[in-house]
Enquirer: 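Take this structure, written in structure tokens, and hold onto it; I'll ask about it next.
Reckoned from all heavy atoms, side chains included, excluding hydrogens, waters and symmetry mates.
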Amino acid sequence: MATNPASETRRPRRTADEVNEEIRALWLRCGGRLSTEQRREYQRLVTEWAAAEAAGAPEPVTRAESHSSPTRAA
């Protein structure tokens with residue numbers, strides 16, 4: 001089954017930081033108490049944030065890499 005490129009570009013992916021800013025704005029707007037609709041929006045944003053965080057996470061360091069010494073600036 002072929003993928004539809006148009007559906008993949010409908011909504012650009014945001015970074016975790018961008019989504020986090022929207023979460024913070026939601027909390028500020030509602031004064032710390034979420035209505036049912038705001039709670040649904042918050043849950044959607046947290047899910048989006050988690051996906052963005054996972055997508056932006058660095059690859060795990062392998063055991064061999066963890067033993068190499070870092071380069072120091074003089």
Side-chain angles (χ1 to χ4, degrees):
M1 183 163 134
T3 60
N4 181 354
S7 66
E8 293 174 12
T9 59
R10 262 187 235 152
R11 186 172 177 189
R13 285 195 159 178
R14 300 187 292 173
T15 67
D17 288 341
E18 291 169 327
V19 179
N20 191 37
E21 284 302 314
E22 190 171 342
I23 292 169
R24 288 174 186 265
L26 173 62
W27 279 107
L28 286 173
R29 278 193 317 269
C30 72
R33 295 192 63 120
L34 298 174
S35 68
T36 302
E37 184 178 324
Q38 289 167 326
R39 186 171 306 278
R40 276 189 289 248
E41 177 69 4
Y42 174 74
Q43 289 172 342
R44 184 193 65 76
L45 287 168
V46 169
T47 301
E48 183 182 352
W49 174 85
E53 186 74 9
E59 293 295 317
V61 176
T62 65
R63 186 176 182 146
E65 291 172 323
S66 67
H67 293 293
S68 63
S69 60
T71 305
R72 293 186 182 171

Enquirer: If you round to the nearest 0.5 Å, how far is OG1 of Thr15 from CH2 of Trp49?
Expert: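 Reported value, rounded in 0.5 Å steps: 11.5 Å.
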Enquirer: Identify the heavy atoms of Ala52 and Ala16 that sit nearest to each other, and give their distance.
Expert: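 Ala52 and Ala16 have their closest heavy atoms at CB-N, 3.5 Å.
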Enquirer: Does anything in residues 19-31 form a side chain to side chain donor-acceptor pair (under 3.5 Å)? List the pairs, not counting sequence neighbours.
Expert: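 Residue pairs with at least one partner in residues 19-31: Arg14-Glu22.
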Enquirer: Could you tell me which residues satisfy salt bridge (Lys or Arg N to Asp or Glu O under 4.0 Å) with Glu41, sequence neighbours excluded, listed by chain and number?
Expert: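 Partners of Glu41 by the salt bridge (Lys or Arg N to Asp or Glu O under 4.0 Å) criterion, ordered by chain and then number, come out as Arg44.
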Enquirer: Listed by chain and number, what are the side-chain contact (heavy atoms from CB on, under 4.5 Å) partners of Ser35, not counting sequence neighbours?
Expert: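 Residues passing side-chain contact (heavy atoms from CB on, under 4.5 Å) with Ser35: Glu37, Gln38.
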